[in-house]
2 protein chains.
Amino acid sequence: MKNSIKVERAKKNITQAQLAELVKVSRQTINAIELGKYNLSTILALKIAHVFNQSVQDIFELEESDWDS
Amino acid sequence: MKNSIKVERAKKNITQAQLAELVKVSRQTINAIELGKYNLSTILALKIAHVFNQSVQDIFELEESDWDS
DNA sequence: TCTAAATGTCAAGTATAATTTACATTATGT
DNA sequence: ACATAATGTAAATTATACTTGACATTTAGA
C-alpha cells in the first residue's frame, strides 16, 4: 500500500510529531506508516484522512501485491 | 467505529463467506468486523470498499469515542 | 417440519501493529 | 561551522488483528 502522508503534511506544513499528536499515536508510528513499514488500523487511517480533509483512498492506495493475500 | 457491511452485502446479495473469499480473509474475520468486534487493517478496509465500489468512509464511520485515544 | 445454509461465538494460537526508550542521521537556520 | 529540529532506525515489549477448528443458534426454503 502506498500513501501520500508526506505530501499532505507538507501542504499543511506540519511535522510527523505534530501529526502524531493530532491522531494520538507515537511519532515513530507516523514515521513507520509514512515509510510504508506496516498496515495501519482503519481507525487510524480514518483519523489521518480526517486531519487532511481527504478520503482514505486519496491518501492510501492499494497496490496489486496487496491482493496476493 | 460503525460499518455498513451488512447492508452492502445485502445490496450485492453475498454472504459473509463469499465476501471473506473475495478479500481473502476467514469468514470469522468478516463476521467479527461486521459486528464491530475489532479495528480491521487499512488494506482490508480498502479491499472491502473496493468490492462494494464505495469509499472507505462510506462503509466505515468514526465515532466520537474513537478519538478518546 | 425437516434440512441445510448462514450467522454467531469461543478458545488457542500466530502474525503483526503500536509503544517506549534510545541513538544515529539528515535537514534548516543563524 | 554550529546548534537544533526533524526524521530515520532498532530492539524489546505489549496490544490486538486474524486464523483455525469446532460447535451452537438462527434463518430460509422444500
Side-chain angles (χ1 to χ4, degrees):
Chain A
M1 184 176 60
K2 295 167 61 177
N3 75 80
S4 57
I5 294 176
K6 191 168 186 173
V7 171
E8 295 301 325
R9 278 199 307 105
K11 284 192 203 165
K12 250 185 124 66
N13 195 34
I14 61 174
T15 67
Q16 292 180 346
Q18 289 171 327
L19 176 56
E21 195 176 10
L22 286 171
V23 298
K24 294 180 181 163
V25 292
S26 70
R27 176 185 70 77
Q28 288 84 342
T29 293
I30 295 296
N31 181 258
I33 292 166
E34 191 166 306
L35 298 177
K37 295 204 173 167
Y38 56 67
N39 182 6
L40 74 165
S41 75
T42 298
I43 287 181
L44 183 47
L46 285 166
K47 287 181 180 178
I48 291 172
H50 183 267
V51 164
F52 294 134
N53 284 308
Q54 302 262 341
S55 77
V56 171
Q57 277 100 336
D58 281 341
I59 297 170
F60 300 96
E61 187 184 355
L62 277 182
E63 296 173 293
E64 279 304 321
S65 63
D66 292 323
W67 286 95
D68 292 352
S69 133
Chain B
M1 185 175 60
K2 294 167 62 177
N3 76 80
S4 58
I5 294 177
K6 191 169 186 173
V7 171
E8 294 302 325
R9 278 198 307 106
K11 284 193 204 165
K12 251 187 122 67
N13 195 32
I14 62 175
T15 66
Q16 292 180 346
Q18 288 171 328
L19 176 56
E21 194 176 11
L22 286 170
V23 298
K24 293 180 180 164
V25 292
S26 70
R27 177 185 68 78
Q28 289 86 337
T29 293
I30 294 297
N31 182 257
I33 292 167
E34 191 166 307
L35 298 178
K37 295 204 174 165
Y38 56 66
N39 181 6
L40 74 166
S41 76
T42 298
I43 287 182
L44 183 47
L46 285 167
K47 286 181 181 180
I48 291 172
H50 180 86
V51 164
F52 294 134
N53 284 307
Q54 302 261 344
S55 78
V56 171
Q57 277 98 337
D58 281 340
I59 298 170
F60 300 97
E61 188 184 354
L62 278 182
E63 296 174 291
E64 279 305 321
S65 63
D66 293 323
W67 287 95
D68 292 351
S69 141

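Reminder, nothing fancy here: chain letters follow the sequence lines and each chain counts from 1. Treat the numbers as computed from the prediction; the structure is a model and nothing was measured.
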Protein-nucleotide distance (Leu35(B), atom CG; dC10(C), atom C1'), rounded to Å: 14 Å
pair Leu40(B)-Met1(B): side-chain heavy atoms closer than 4.5 Å: yes
Which atom of Ile5(B) lies closest to which atom of Glu34(B), heavy atoms considered: CG2-OE1, 3.5 Å
Between P of dT9(D) and OH of Tyr38(A), the distance in whole Å: 14 Å
Lys37(A) vs dT9(D): side-chain N/O to OP1/OP2 distance below 4.0 Å: yes
Trp67(B) six-ring face occupied by Lys24(A) cation (under 6.0 Å, within 45°): no
Leu19(A) vs Phe52(A), side chain to side chain contact (heavy atoms under 4.5 Å, CB included): CA-CA, chis, key distance, verdict: CA-CA 10 Å; Leu19(A) 176 56; Phe52(A) 294 134; 4.0 Å; yes
Within 6.0 angstrom of Asn13(A) CG, more than 12 heavy atoms from elsewhere: no
Nucleotide dT27(D), atom P - distance to CG of Asn13(B) in whole Å: 17 Å
Side chain of Ile33(A) (C-beta onward), nearest among dA17(D), dG8(D), dA18(C): dA18(C)
Ser41(A) vs dA18(C): side-chain N/O to OP1/OP2 distance below 4.0 Å: yes
Flag if over 12 foreign heavy atoms under 6.0 Å of CD, Glu21(B): no
Between dA17(D) (P) and Asn3(B) (CG): distance, integer Å: 14 Å
Residue-level proximity of residues 18-31 of chain B to DNA chain C when a heavy atom falls under 4.0 Å: Arg27(B), Gln28(B), Asn31(B)
Closest non-hydrogen atom pair, Ser69(B) against Lys47(A): O-NZ, 3.4 Å
Nearest-Å distance for atom pair CG/P, residues Leu46(B) and dA17(D): 17 Å
Polar side-chain atom of Asn39(A) near backbone of Ile43(B) as donor-acceptor pair, under 3.5 Å: yes
d(CD1, Ile48(B); P, dC18(D)) in whole Å: 9 Å
d(CD1, Ile5(A); P, dT7(D)) in whole Å: 12 Å
Nearest-Å distance for atom pair CZ/P, residues Arg9(B) and dT27(D): 14 Å
CA sep, side-chain torsions, deciding dist, call: Glu8(B), Asp58(B), side chain to side chain contact (heavy atoms under 4.5 Å, CB included): CA-CA 10 Å; Glu8(B) 294 302 325; Asp58(B) 281 340; over 6 Å; no
Five-pair end axes of the helix from dT1(C)-dA30(D) to dT30(C)-dA1(D), angle between them (10°): 60°
